[in-house]
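First up is the structure itself, then whatever we jot down about it.
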Amino acid sequence: MAQAKKIALYILVVFVLYSIITSPERSAELVGVGFEGVSSAAQSVGDFMTELVK
């Protein structure tokens, strides 16, 4: 089972590298969208905690 996870990880890494090499602009856009989502989620958690403390 551990070997299957290792193989799946290698396939995922190869796919990500292939995507970055073939379309770097699109990859940069997707990373930006991902960071915006994480930032928005962190802001929402912060707002929730602030309201909880009040």
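Values in this document were obtained by computation on a predicted structure and should not be read as measured data.
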Review point. Going from CG on L17 to CZ on F15, what distance comes out if it is rounded to the nearest 0.5 angstrom?
Key: 11.0 Å

Exercise for review: Would you indicate whether the side-chain heavy atoms of F48 and S44 approach each other to under 4.5 Å?
Suggested key: no

Check your understanding: M49 versus L52: any side-chain heavy-atom pair under 4.5 Å?
Key -> yes

Practice item. Please answer whether the main-chain N or O of F35 pairs with a side-chain N or O of S39 as donor and acceptor at a distance below 3.5 Å. Key: no

Check your understanding: Where the side chain of T50 meets the backbone of G46, is there a donor-acceptor pair that is under 3.5 Å apart?
Key -> yes

Practice item. Mind listing the closest non-hydrogen atom pair of S27 and S19 along with its distance? Key: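 S27 and S19 have their closest heavy atoms at OG-O, 3.4 Å.
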
